[in-house]
Engineer: 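Before I ask anything, here is the structure I am working with.
Since we're looking at a predicted model, the values are computed, not measured. Order of the sequence lines fixes the chain letters, A, B, ..., with proteins taken first and strands second; residue numbering starts at 1 for each chain. We use all heavy atoms of the structure for the numbers below, so side chains are in, but hydrogens, waters and symmetry mates are not.
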Number of protein chains: 2
Amino acid sequence: MPTPSYGQPRYRVIADELRERIESGLIPPGALLPAESVLTAEFRVARGTIRKAIAVLREEGYAISEHGRGTYAPAQADRRVDASEQQQELPADAHLADLFKVAPGTMLVARTTVIRRSNQVDTVVRTYRLRPKHPSR
Amino acid sequence: MPTPSYGQPRYRVIADELRERIESGLIPPGALLPAESVLTAEFRVARGTIRKAIAVLREEGYAISEHGRGTYAPAQADRRVDASEQQQELPADAHLADLFKVAPGTMLVARTTVIRRSNQVDTVVRTYRLRPKHPSR
DNA sequence: AGAAATTTGTCCGTATGTATC
DNA sequence: AGATACATACGGACAAATTTC
């Protein structure tokens, strides 16, 4: 079977099925997924197809793979998050000025959000917006 | 020679080489990359390996693929108008280094998302993360 | 300590489907 | 219509990391 030509490709269907098993708790947090060899037997597809399905789950954060060990659902402990926010006004650098089509140095509203996971900074999100000249209402 | 097993996988070495050609301007903005068949001949690898290398560049924002057309380096205009999301690696400045508790200059994964409203840039979101130790891709 | 088994990672070659020029 | 190129899928092989015996 080269290409199904019906609806979704098989690797996506398999990804949907595995995602469902993780979300439903059938595969609990931290637990290993069945090995690729097992999944190829269950779904009767080539290993490459299984690997592609798992790659989708990895990108979505539903799975973590480790060489020689296996692929497992993310543990819940890692999901403990805590965020703080801060807002300030900053001049636009060349890149931002180009994006917004304004002169460099134009003041922008910048909001920085710091997300911590298990007391360690995990992600820093910075949001830039044009400063409204007149409140539009 | 199935797998060289030395250092980086070949698809990454090839991705590095192609990225260099784009950054150096050898492949100018907007220009098509050599055809997959050409790259296959040049690097003497299978198509799948070339495709994986190009997939890396796509994720980094260094290449855009269009079905039936080809893969090209992003034009400057495209970065403003088209690219809604781009991922790159940047050294941490003093502020970010302090937050993440790493040395300044440590490479971070930065993802920039541009949100437009009626053809005008509305918000720019930049997300910074530590580079994972075990890149599962 | 060490060998074997398991599991993911990489790569090859081929084939067919589908979209664009 | 034909050429080109991407998308999906198969099966086989070896490498490398981890676990198990």
Engineer: Could you tell me the separation between the CZ atom of A/R44 and the C1' atom of D/dA9, rounded to a whole number of Å?
Structural biologist: 16 Å
Engineer: Send over the distance from B/L32 CG to C/dC21 P, rounded to a whole Å.
Structural biologist: 11 Å
Engineer: Take the protein atom CG of A/L39 and the nucleotide atom C1' of C/dT6, then report the distance between them rounded to whole Å.
Structural biologist: 14 Å
Engineer: When Ile, Leu, Val, Met, Phe, Trp and Tyr are grouped by side-chain heavy atoms lying under 4.5 Å apart, directly or through other members, which residues fall in the same group as A/Y11?
Structural biologist: A/V56
Engineer: Tell me whether the side-chain N/O atoms of A/K52 come closer than 4.0 Å to OP1 or OP2 in D/dA9.
Structural biologist: no
Engineer: Sequence neighbours excluded, which residues qualify as side chain to side chain contact (heavy atoms under 4.5 Å, CB included) partners of B/R51?
Structural biologist: B/E36
Engineer: Only pairs at least two apart or in different chains count here, so list each salt bridge (Lys or Arg N to Asp or Glu O under 4.0 Å) that has a residue in residues 22-35 of chain A.
Structural biologist: none
Engineer: Quick one: do B/L130 and A/V124 end up in the same hydrophobic cluster if we chain Ile, Leu, Val, Met, Phe, Trp and Tyr together by side-chain heavy atoms under 4.5 Å apart?
Structural biologist: yes
Engineer: Rounded to whole angstrom units, what separation is found between the CZ atom of B/F43 and the C1' atom of C/dC11?
Structural biologist: 16 Å
Engineer: Apply salt bridge (Lys or Arg N to Asp or Glu O under 4.0 Å) to B/E17 and list each qualifying residue two or more places apart in sequence or on a separate chain.
Structural biologist: B/R21
Engineer: Can you check nucleotides 3-6 of chain D for protein contacts, nitrogen or oxygen pairs under 3.5 Å, and list what you find?
Structural biologist:
| from | atom 1 | to | atom 2 | distance (Å) |
| --- | --- | --- | --- | --- |
| D/dC6 | OP1 | B/T71 | OG1 | 3.2 |
| D/dC6 | O2 | B/H67 | NE2 | 3.1 |

Engineer: Would you say a side-chain N or O of B/Y11 is under 4.0 Å from OP1 or OP2 of C/dT10?
Structural biologist: yes
Engineer: Which whole-number value in Å describes the distance from B/I50 CD1 to C/dT10 C1'?
Structural biologist: 14 Å
Engineer: Please give, in whole Å, the distance from D/dA9 C1' to A/I14 CD1?
Structural biologist: 11 Å
Engineer: For A/R12 and for A/G48, find the nucleotide of DNA chain D with the closest heavy atom, then tell me which residue's nucleotide is more 5'.
Structural biologist: A/R12
Engineer: Which residues pass the salt bridge (Lys or Arg N to Asp or Glu O under 4.0 Å) test with B/D16, sequence neighbours left out?
Structural biologist: B/R19
Engineer: Could you state the CZ-C1' distance from A/R10 to C/dG17, rounded to the nearest angstrom?
Structural biologist: 14 Å
